[in-house]
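Shown next, in structure tokens, is the structure this report addresses.
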Amino acid sequence: MKKPASAILACLLTCLALLQLSGCKYRLQWVRVEDETESVSETEPPTTEAPETLPPTTEAPTISPLQEQGIIYESENYRPEPMDTAAVLRLYTDSVNAVKRALPGFKKKDDQNFTDLQAGGKGVLVNKIFNMVAREVMRHASGDSSVATVPPQDEEQVLEIFPIYGQEFACDLTELSLITSAVCYTDGEHEKIVITLADTSNAEPVSTQYGRIMTPAPRQDIADKITKYFVMLDEEKFKFDFRYTGSEIICILDKETKKLQYLSQKMIVLIDINLDLDFRLFSAELVKASGTVVNHVEYTDFDWSQPTD
């Protein structure tokens with residue numbers, strides 16, 4: 001039997017009075033039960049207090065796969081391995097030098113551009129000079145060959161388009177002070193190495209430490225090409241500087257075999273050119289140009305299936 005409305009109202013007033021006296025915070029709501037009788041239930045309201053702060057985790061941060069670099073690994077569970085800079089460099093050196101020896105097949109992809117051109121003097125002349133210098137920097141940074149796919153055991157192509165270009169080694173860096181960061185991560189099946197290098201100016205290929213791990217442009221070759229524009233130009237009358245910054249290496253190895261599966265090398269080159277064109281035949285003019293070359297080279301799809309000696 002249903003209770004009369006007056007009885008229900010009296011019950012509610014009594015409950016409210018008790019709650020006010022007790023100081024407790026409750027919310028009243030009507031609940032329809034199966035026997036169609038109405039009753040009042042007491043439920044705690046949602047809390048407005050801040051959730052309990054969790055203790056800081058001791059786990060290493062998760063490293064996302066290299067989707068932005070054009071290679072995707074399903075696992076996102078990369079964790080740092082306990083390796084110092086020397087050990088990481090040694091692991092990287094052994095893995096990339098093995099490519100020069102074992103000659104696996106691979107694919108190469110270049111991504112290059114130059115931006116932020118600022119010029120003073122005769123615009124056409126400055127643009128020609130700067131474009132020539134930028135092309136030379138990019139050519140040396142990515143290698144002379146335009147081949148995108150290298151078959152296994154092609155010694156000539158591996159020598160020419162896998163860094164260090166034209167050399168029998170891919171890394172021979174010994175000066176650890178050039179490295180600003182070197183970390184190795186693992187997901188159990190792969191090892192991912194990330195190396196960043198200190199900014200350096202006017203590095204030369206092979207003869208400098210930077211040129212034994214990255215691919216800078218030879219400045220004398222570029223100086224010779226600049227003088228072709230001005231037969232009478234004294235090299236002491238012009239200068240140009242290359243500032244290598246943002247240098248980063250990322251590679252992924254098979255953890256068990258240490259065979260290379262992916263390699264990325266990125267360089268940002270800040271170019272600054274000053275030409276003092278005083279030939280006595282016409283008025284002196286100072287030609288200035290500056291700009292930024294961004295060079296990114298990737299190596300993927302390594303084929304290690306061919307037997308090696």
Non-hydrogen atoms of [X] and [Y] that approach each other most closely:
X    : Y    : answer
V137 : A217 : CA-CB, 3.9 Å
A141 : Y165 : O-OH, 3.0 Å
D110 : S142 : OD2-CB, 3.6 Å
P151 : Q157 : CD-NE2, 4.4 Å

CA sep, side-chain torsions, deciding dist, call: E155, R101, salt bridge (Lys or Arg N to Asp or Glu O under 4.0 Å): CA-CA 9 Å; E155 183 176 1; R101 296 191 305 270; over 6 Å; no

The criterion is ring pair (Phe, Tyr, Trp, His ring centres under 6.0 Å); which residues satisfy it with Y210, sequence neighbours excluded?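 Ring pair (Phe, Tyr, Trp, His ring centres under 6.0 Å) list for Y210, sorted by chain: Y244.
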
May I ask you to test the [X]-[Y] pair for a side-chain heavy-atom distance under 4.5 Å?
X    : Y    : value
L89  : C171 : yes
P163 : Y299 : yes
V133 : F242 : yes
L260 : Y92  : no
H140 : P218 : yes
T85  : V183 : no
I193 : I250 : no
T93  : D172 : no

Classify the ring geometry between F162 and F106 as parallel (under 30°), tilted (30 to 60°) or perpendicular (over 60°).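 Aromatic pair F162/F106 classed tilted.
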
Using side chain to side chain contact (heavy atoms under 4.5 Å, CB included), reason through I164 and R212 one step at a time and then give a plain yes or no. CA-CA 7 Å; I164 304 296; R212 300 184 79 80; 5.8 Å; no

Just how far is it from atom [atom1] of [X] to atom [atom2] of [Y], taken to the nearest 0.5 Å?
X    : Y    : atom1 : atom2 : result
R219 : E136 : CZ    : CD    : 13.5 Å
L263 : C251 : CG    : SG    : 6.5 Å
I268 : T115 : CD1   : OG1   : 9.0 Å
I179 : Q209 : CD1   : CD    : 9.5 Å
Q112 : H296 : CD    : NE2   : 11.0 Å
D154 : I161 : CG    : CD1   : 8.5 Å

Taking 4.0 angstrom as the limit, do [X] and [Y] come out as a salt bridge?
X    : Y    : value
K239 : D241 : yes
K258 : E191 : yes
D301 : K107 : yes

Under the side chain to side chain donor-acceptor pair (under 3.5 Å) rule, what do T196 and T180 come out as? Steps first, then yes or no, please. CA-CA 6 Å; T196 59; T180 58; 2.7 Å; yes

List the steps, then state whether side chain to side chain contact (heavy atoms under 4.5 Å, CB included) holds for H190 with T186. CA-CA 6 Å; H190 311 96; T186 184; over 6 Å; no

Taking the cut-offs as 6.0 angstrom to the six-membered ring centre and 45 degrees off its axis, would you call K192 and Y185 a cation-pi pair?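 Yes, cation above the ring, under 6.0 Å and within 45°.
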
Any chance you could lay out the side chain to side chain contact (heavy atoms under 4.5 Å, CB included) test for T292 and I271, step after step, and finish with the verdict? CA-CA 6 Å; T292 302; I271 301 175; over 6 Å; no

Carefully, step by step, assess Q265 and T215 under the rule side chain to side chain donor-acceptor pair (under 3.5 Å). CA-CA 9 Å; Q265 290 193 350; T215 53; 4.7 Å; no

Answer yes if [X] and [Y] sit in the same cluster of Ile, Leu, Val, Met, Phe, Trp and Tyr residues linked by side chain heavy atoms under 4.5 Å apart, and no otherwise.
X    : Y    : value
M83  : L253 : yes
M138 : M132 : yes
I249 : F169 : no

Among residues at least two apart in sequence or on other chains, which ones pass salt bridge (charged side-chain N to carboxylate O under 4.0 Å, His left out) with D199? none

Which one of V158, V150, L159 satisfies the side chain to side chain contact (heavy atoms under 4.5 Å, CB included) criterion with L103?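 Result: among V158, V150, L159, V158 is the only option passing the side chain to side chain contact (heavy atoms under 4.5 Å, CB included) with L103.
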
When you look at S290 and I273, which way does the side chain to side chain contact (heavy atoms under 4.5 Å, CB included) test go after all the steps? CA-CA 6 Å; S290 64; I273 302 173; over 6 Å; no

Listed partners of K109 passing side chain to side chain contact (heavy atoms under 4.5 Å, CB included), at least two apart: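 For K109, the residues satisfying side chain to side chain contact (heavy atoms under 4.5 Å, CB included) (neighbours in sequence not counted) are E298.
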
Is the backbone N or O of G211 less than 3.5 Å from a side-chain atom of T208, with the two atoms forming a donor-acceptor pair by type?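 Confirmed, T208 side chain pairs with G211 backbone.
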
